[in-house]
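Report on the structure given below.
Every chain is numbered from 1, with letters handed out A, B, ... down the list of sequences.
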Number of protein chains: 2
Amino acid sequence: MSAAAAATFAALGEPNRLRIVELLRDGPRPVNAIVQALGLRQPQVSKHLRVLGESGLVTAEPVHRQRIYRLEPEPFDAIAEWTESFERLWDARLDSLGDLLASLDREPGTDDGHRDPPSPRR
Amino acid sequence: MSAAAAATFAALGEPNRLRIVELLRDGPRPVNAIVQALGLRQPQVSKHLRVLGESGLVTAEPVHRQRIYRLEPEPFDAIAEWTESFERLWDARLDSLGDLLASLDREPGTDDGHRDPPSPRR
DNA sequence: CTCTTATATTCCTGTCAAGGAATACGTGAA
DNA sequence: TTCACGTATTCCTTGACAGGAATATAAGAG
């Protein structure tokens, strides 16, 4: 899940692609509507849409001579789920820091990687 | 909101940075612990931590000779909020293509009526 | 002060990605 | 068929970014 999440984040990390996604949040759009709404050039929009499509964020449906792009829910669900795994941590972080330090400050040199995670549970 | 979101997504879009973030989810860590846990080289980890810090995803607290890195909640809250603005759209997915397929797999719900399809004509 | 440990920074290099421009492709209309 | 429109692809150039290697900085131990 992490590898796919990285690809999704990378696709959304480009500002113009993020603008496209946020525009499509208001409803499906043909390419030309995106071009005009965002003031980008048509080839760049097509290229961005391709990247978004390869990440599963959008799909296209051909209608007439146009291709109507729309958002797909799965990647957003994945992001939401991923983010939720962090949201549960913020209330349980007061005093574990001191314990952590003592356990991690080990003898150097011959240390070959043995470490014990301090107390990741709350 | 969007501009900062793009920066956050970009920071998380790098696979090794995402691994670092997911490691820190289990608790704060000094740099060397990240190096050993992920099998990366120390300079690269420091560089990634710098990027993560510039996006506000992590902060460091100096203790002894080490710097303990931890996640910061704000960017995750921002991502969650951003994602929620999309999660409310999926139930309104009745459109021309959907209607064709709907006769096959549509499950009859309690919706006698028909929700307003967002057809943003322009 | 000197040495060591932990981390950060710099330089270099290769790769990849985004924008611009031009063009190719596909499909409906005449 | 030919034309026009909507969209996709290709080529090119430039800039950003990640990894490797070496080194610099900070601070505690002796």
Side-chain angles (χ1 to χ4, degrees), chain A residues 3 6-21 23-24 28-55 57-70 97 100-113 115, chain B residues 3 6-21 23-24 28-55 57-70 121-122:
Chain A
T8 303
F9 287 139
L12 296 173
E14 211 287 319
N16 282 327
R17 276 198 294 269
L18 191 65
R19 293 175 66 204
I20 292 177
V21 168
L23 176 66
L24 292 179
R29 295 275 193 286
V31 178
N32 205 28
I34 302 172
V35 168
Q36 296 190 8
L38 301 187
L40 304 174
R41 309 193 181 240
Q42 180 267 317
Q44 331 298 341
V45 170
S46 281
K47 285 188 247 186
H48 283 313
L49 286 170
R50 177 144 85 127
V51 175
L52 292 171
E54 288 168 348
S55 298
L57 282 159
V58 304
T59 53
E61 174 192 3
V63 170
H64 284 60
R65 277 178 274 178
Q66 340 192 77
R67 304 194 68 200
I68 312 297
Y69 280 87
R70 74 175 62 232
L97 181 59
L100 163 82
L101 303 177
S103 62
L104 282 178
D105 197 6
R106 291 181 53 82
E107 160 187 3
T110 59
D111 189 326
D112 56 350
R115 73 203 170 280
Chain B
T8 304
F9 287 140
L12 296 173
E14 211 287 320
N16 281 328
R17 275 197 296 266
L18 191 65
R19 294 176 64 205
I20 292 176
V21 168
L23 176 67
L24 291 179
R29 296 276 192 284
V31 177
N32 204 30
I34 302 172
V35 168
Q36 296 192 7
L38 301 186
L40 304 174
R41 309 196 180 236
Q42 180 267 318
Q44 331 297 341
V45 170
S46 280
K47 286 188 246 185
H48 284 313
L49 286 170
R50 176 144 84 130
V51 175
L52 293 171
E54 287 168 349
S55 298
L57 282 159
V58 303
T59 52
E61 174 191 2
V63 170
H64 281 60
R65 277 176 276 179
Q66 342 192 69
R67 303 193 68 197
I68 311 298
Y69 279 87
R70 72 175 56 215
R121 297 288 310 268
R122 51 172 313 277

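- For B:Leu18 and D:dA18, the CG to P distance is 13 Å, given to the nearest whole Å.
- Taking every side-chain heavy atom of A:Gln66 into account, D:dT7 is the closest of D:dT7, C:dT4, C:dT7.
- Protein atom CZ of A:Arg41 is 16 Å distant from nucleotide atom C1' of D:dC12, rounded to whole Å.
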- Start with the C-alpha gap between B:Leu24 and B:Arg70, add the side-chain angles, then the distance that decides, and say whether side chain to side chain contact (heavy atoms under 4.5 Å, CB included) holds. CA-CA 6 Å; B:Leu24 291 179; B:Arg70 72 175 56 215; over 6 Å; no
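- A heavy atom lying under 4.0 Å from DNA chain C marks the following residues of residues 42-52 of chain A, by number: A:Pro43, A:Gln44, A:Lys47, A:His48.
- Distance A:Arg19 CZ to C:dG19 P: 10 Å, rounded to the nearest Å.
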- Pair B:Leu38-B:Asn16, side chain to side chain contact (heavy atoms under 4.5 Å, CB included): steps then yes or no: CA-CA 8 Å; B:Leu38 301 186; B:Asn16 281 328; over 6 Å; no
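- Looking only at side-chain heavy atoms (C-beta outward), A:Ile34 and A:Leu23 come within less than 4.5 Å of each other.
- Rounded to a whole Å, the CD atom of B:Glu54 is 12 Å from the P atom of C:dA8.
- For the atom pair B:Leu52 CG and B:Glu14 CD, the distance stands at 9.0 Å (nearest 0.5 Å).
- In the set C:dA8, D:dA8, C:dA18, D:dA8 carries the atom at the smallest distance from any side-chain atom of A:Tyr69.
- Toward the 5' end of DNA chain C, the nearer of the two residues B:Asn32 and A:Glu14, judged by each one's closest nucleotide, is B:Asn32.
- Between the NE2 atom of A:His64 and the P atom of D:dT7 there is a distance of 12 Å, given to the nearest Å.
- Considering only side-chain N and O atoms, B:Arg67 lies nowhere under 4.0 angstrom from the phosphate OP1 or OP2 of D:dA26.
- Atoms NE2 and CZ, from A:His48 and A:Arg19 in turn, are 9.5 Å apart once rounded to the nearest 0.5 Å.
- Nearest nucleotide to the A:Arg17 side chain, out of D:dG6, C:dA18, D:dA29: C:dA18.
- Each of B:Val45, B:Leu12, B:Val51 was evaluated against B:Arg17; a single residue qualifies, B:Val51, per the side-chain contact (heavy atoms from CB on, under 4.5 Å) test.
- In this structure, the side chain of B:Gln66 does not engage the main chain of B:Ile68 through any donor-acceptor pair within 3.5 Å.
- If B:Ala60 and A:Arg65 are placed on DNA chain C by their nearest nucleotide, the residue sitting closer to the 5' end is B:Ala60.
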